[in-house]
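Written below as structure tokens is the structure these notes are about.
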Amino acid sequence: MKAVVTSLGSRSVLVHADGLGEIRCSLRGHLWEKSEEETRPLAVGDRVSLNPDLTHGEDQCLEGVIEDVAPRRNRIARAPAGSRGAPGKRDPTKRGPGGGSAGRRPDQESGGRSRHTAAGKVQVIAANIDQILVVAALHSPPFRPGLVDRFLVAAAAEEIDVLLVLNKVDLANHDDERSVVEPFQQAGYSVIQTSTVTGEGIEELAAAMASGIHLLVGHSGTGKSSLLNAVAPTLSLTTSEVTAHHGRGRHTTTHVSLLPLPAGGWVIDSPGIREWVLEGVSPALLARLYPGFGEIPHECHYGDCLHRDEPQCALRQAVEEGLYPEDRYACYLRVLADLQGS
Ligand code: GDP
Ligand code: ZN
């Protein structure tokens, strides 16, 4: 029987199986053994196989045993304590959880996310994400292109599809909207414009989240909770009250759960995940995957070109020839400087 992991407790794992709902599970011993690199053998979003002989617990909750875990398509992970940046990927040829994603180009393996160090194990926060929704607002808070760019790079590094959600369009005028949206559309991103005040775009957003596992990221105050409440009014989102109840700060940042959406998809709910997503964006990754760069970085003379002042840089040439917008290149340089300074 197949199921998806929705929540991890200290002693048990909650999974959801179609037609049966929630099942409280324990793990076969061998699943603990293979977690040499990771703090836990499972993460929210993992696809698991269950022993079909389910029983009922004292509280009538169905109980079962997880026999195996399917290889992950992607993952969001947190670097081990003491190391900088997000964890590197495991060998993509390796099978098993966290074994990397299929179809990655060999050149994408080098110089990307910082390697995980011997300091400890990585903490995989969520796996098998189908779509990252990068939520931004034009006003209050103001649009921050550099931050949006970094989220887009983080998603591209994991080969996760991205949807850019421009919220609070009720506060913006049409020209502002167009000037923000166009460069991203030209770079091949889908953009949905929404307002939780007027309801614009909410149906479209709900349709975009109707199947698969979704993760909302974005600057605080852009309207992520409001958008989730608009597409799924019955969701019980993690609130500061709930985390305060648990008492410990670390608990707040490590608790992740998968919540069902009424239309059929799932959303990852986690207070701290936005920072972890950004941890993994290194200068090298930015230089290769910046929105709109496409294949241009492959033409640079140096494989690790950061497109600043390196000789025979295809990107600077593209800017000079008007093939890549100058203002976007300027924005890239600012984000790069930020990353290098941090
Ligand atoms: P989060 O931090 O991204 O989860 O943002 P919230 O959902 O908490 O929203 C932050 C603030 O923006 C709240 O005061 C919301 O009422 C407001 N807000 C959310 N969506 C919209 C919108 O579409 N238009 C306007 N004008 N305000 C919004
Ligand atoms: Zn270059």
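In this chain, numbering begins with 1 at the start of the sequence shown. As the structure lists them, so they are numbered: ligands from 1, and atoms in each ligand from 1.
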[X] neighbourhood, listing ligand 1 atoms whose heavy-atom distance to it stays under 4.0 Å:
X	value
S226	6 (P), 7 (O), 9 (O), 15 (C), 19 (C), 20 (N)
V197	22 (C), 23 (O), 24 (N), 25 (C), 26 (N)
L171	26 (N)
S220	2 (O)
S195	23 (O)

Identify, for [atom], the protein heavy atom at the shortest distance, and state residue, atom and that distance.
atom	result
atom 8 (O) of ligand 1	S225 OG, 4.1 Å
atom 10 (C) of ligand 1	G221 O, 3.5 Å
atom 5 (O) of ligand 1	G223 N, 3.0 Å
atom 17 (C) of ligand 1	K168 NZ, 3.9 Å

Which pair of non-hydrogen atoms, one from [X] and one from [Y], has the smallest distance, and what is that distance?
X	Y	result
M209	L228	CE-CD2, 4.1 Å
V153	P291	CG2-CD, 4.0 Å
E310	C313	O-CB, 3.6 Å

Only heavy atoms count here, so choose which of N167, T198, D170 is nearest to atom 24 (N) of ligand 1. D170

The one among L227, T196, L228 that brings a heavy atom closest to atom 23 (O) of ligand 1: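 It is T196 whose heavy atom sits nearest to atom 23 (O) of ligand 1.
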
Do [X] and [Y] have side-chain heavy atoms sitting under 4.5 Å apart?
X	Y	result
L315	F293	yes
H16	I23	no
R308	Q340	yes
R24	D59	yes

Exercise check, heavy-atom protein proximity under 4.0 Å to atom 19 (C) of ligand 1: yes

Sub-4.0 Å protein heavy atom next to atom 14 (O) of ligand 1: no

Salt bridge flag under 4.0 Å for residues D338 and R150: no

With a 4.0 Å cut-off, would you call D68 and R28 a salt bridge?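 No.
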
Would you say H301 reaches the Zn ion (ligand 2) with an N/O/S atom under 2.8 Å? no

Looking at H307, pick out the N, O or S atom nearest to the Zn ion (ligand 2) and give its name. ND1

Common cluster, I129/Y189, ILVMFWY with side-chain heavy-atom separation under 4.5 Å: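 Yes; tracing contacts between hydrophobic side chains, which count when under 4.5 Å, links both residues.
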
